Amino acid sequence: MNHFTPSRRLRLGLFVQPVGQHVSGWRLTEQLGDPTDIDWLITLAKKAEVGKFDLFFVGDALATSMYRLPSTMARLEPLTMLAALAVNTRRIGLAATASTTFSDPFTLARSFSSLDHISRGRAAWNVVTSFSTDVARNFSRSDMPDHASRYARAREFLEVADKLWRGWEAGAVQPDKATGDYFVDEKIKPINHQGEHFQVQGPLNITRSPQGRPVIIEAGSSADGQKLAAETAEVIFTASASLEEAQAFYRTQKEQVIAAGRNPDHVVIMPGVMPIIGRTREEAKALWKKLNTLVDIENGLRQLSLRFSMDLSQYPLDGPVPEVPLGEGNQSRVKLMTDMAKRENLTLRELAAVAAGSRGHRVIVGTAEDIADDFQQWLEQGGADGFNIMPAIMPEQLDLFVELVIPELRRRGLFRDEYEFATLRENLGLKVITEES
């Protein structure tokens, strides 16, 4: 057991794939949505808000996916999408992925500050470093910077963005018709940043936003990823296959947060999980079986080959998963999947089905009570502060989560009845940003 005192209330994010998180999910829905239809996305956001989810989280990538999946081949730019959702929702947090590898701090700081204004304090930024060479080729490069360089750039990127957000103090806007002064000049400051990667004068051309800055989310279990998250993240997305693995990550990450001089209670750890919900266990198991019978194993094998940076088609599908060296790409997810294969003695075919189906995250198959039991155990035994929910089929599995699972969590005192605050930061129980903090 660790020495941290777990929260008694879960935080819940909705990890949105408009056509379902499971690769076969779209083939089983009766209401197939269009990933680029804003009305469909507004419908999903409103469903999540009815359930009182903390976050509506939108992933992103800067290249069309070689996996040939509907929602990864075509999708709206996340910040544009969330701005539209902001005026159609009232309390749910709105989180977007944006890469530090092929962006600049001024533009992203301004964009997220704008979203925080539009949403009245509900914006969050999932900070990522790109790892695909396909992305590099869309930005006039033939290859990707190495792992260490990407994280060094990300660290400085976050430093610059934070300086820019702090450049406008509270009370900087005080229109005085008598004097003709609109701003208080001494409350608006340039940052004059001169670093290895960025030279930025500042200040931003937008006022201080309701949260002071967006909530900062990060993911990644590599040494570099954990260190950066300990220093800068407020929400950490991760993937853990077992409670023991989750407890080890939770303990190590929170200890690093303390070592970085921060309060571990102000960093929320939320593993991804795909619940397969049925009104009975038999119904849930039958759905999971049906989903997996529709998995294209060749597609799954292509996904693994791309993620592992090696051609797996040369290996027998019903043989063991070959040894995979950790390279410069997505190290944490590769290790998660190879460890899973060893622990569960999976064949290459079985791992390909998992990769294609659940995107490498944990799957829980059962009733609302089964899922609540699992969540309660992880919360109380120091495996998580909450979960990033990945509905396999949209909207049916989201509807069942809201209809069945959330009331069961509430019955146990594990989840809110209503949003308590106006801002995302406060609803997550995070540190309120002041000019001194």
Side-chain angles (χ1 to χ4, degrees), residues 38 55-62 75-87 89 93-130 135 138-139 150 153-175 182-218 228 232-235 422-425 430 432-435 437:
I38 193 60
L55 278 173
F56 186 93
F57 165 58
V58 182
D60 193 35
L62 298 173
R75 49 183 150 195
L76 296 176
E77 189 282 315
L79 283 162
T80 309
M81 176 211 301
L82 292 183
L85 299 187
V87 296
T89 56
L94 302 169
T97 293
S99 172
T100 60
T101 307
F102 297 109
S103 306
D104 72 88
F106 189 95
T107 300
L108 274 191
R110 184 188 186 202
S111 295
F112 275 101
S113 190
S114 296
L115 180 61
D116 206 42
H117 276 289
I118 294 168
S119 65
R120 293 182 170 83
R122 295 182 285 135
W125 173 18
N126 179 42
V127 181
V128 301
T129 65
S130 300
V135 174
N138 285 338
F139 290 86
R150 295 200 308 276
R153 178 184 169 94
R155 181 172 279 100
E156 187 180 341
F157 196 115
L158 280 164
E159 177 188 351
V160 176
D162 189 58
K163 287 179 180 178
L164 287 166
W165 288 319
R166 293 175 186 276
W168 283 74
E169 297 178 8
V173 179
Q174 295 186 27
Y182 193 89
F183 300 107
V184 179
D185 290 343
E186 57 267 27
K187 291 181 177 289
I188 307 169
K189 301 170 183 175
I191 67 170
N192 296 319
H193 177 89
Q194 297 291 321
E196 180 182 354
H197 300 278
F198 305 107
Q199 296 78 47
V200 181
Q201 174 181 283
L204 280 178
N205 54 349
I206 186 169
T207 58
R208 180 184 175 88
S209 73
Q211 294 187 112
R213 67 169 185 242
V215 171
I216 300 297
I217 304 171
E218 293 172 33
L228 182 64
T232 60
E234 297 169 289
V235 176
T423 70
L424 171 60
R425 180 174 298 284
L430 299 176
V432 175
I433 300 301
T434 65
E435 290 164 16
S437 63

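Just so it is clear, the values below take in all heavy atoms, side chains as well, and ignore hydrogens, waters and symmetry mates. Note that the structure is a prediction, hence the values are computed from the model and not measured.
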Problem set entry | Exercise: identify the closest heavy-atom pair between Leu79 and Ser111 | CD1-CB, 3.8 Å

For this session: Taking all heavy atoms of Ala61 and all of Arg75, pick out the closest pair and write down the distance.
Result: CB-NH2, 3.2 Å

Exercise. Can Glu159 and Arg155 be said to form a salt bridge (charged side-chain N to carboxylate O under 4.0 Å, His left out), step by step?
Worked result: CA-CA 6 Å; Glu159 177 188 351; Arg155 181 172 279 100; over 6 Å; no

With sequence neighbours excluded, residues passing side-chain contact (heavy atoms from CB on, under 4.5 Å) with [X]:
| X | result |
| --- | --- |
| Thr129 | Thr100, Thr101, Arg150, Tyr151, Ala154 |
| Val184 | Gln174, Glu186, Lys187 |
| Tyr182 | Val173, Pro175 |
| Ala109 | Ala161, Leu164, Trp165, Leu204 |

Can you name the residues that form a side-chain hydrogen bond (donor to acceptor under 3.5 Å, both in side chains) with [X], not counting sequence neighbours?
| X | answer |
| --- | --- |
| Asn205 | Arg110 |
| Ser103 | none |
| Arg153 | none |
| Asp162 | Arg166, Arg213 |

Problem set entry | ring pair (Phe, Tyr, Trp, His ring centres under 6.0 Å) against Phe106, all qualifying residues, sequence neighbours excluded | none

Problem set entry | Sequence neighbours excluded - ring pair (Phe, Tyr, Trp, His ring centres under 6.0 Å) pairs with any residue from residues 184-217 |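 The answer is Phe157-Phe198.
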
Problem set entry | Any side-chain donor near an acceptor of the partner, Thr97 and Asp60, under 3.5 Å | no

Problem set entry | Partners passing salt bridge (charged side-chain N to carboxylate O under 4.0 Å, His left out) against Glu156 (at least two apart in sequence or in another chain) |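 Testing Glu156 for salt bridge (charged side-chain N to carboxylate O under 4.0 Å, His left out), a comparison that skips the adjacent residues, returns none.
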
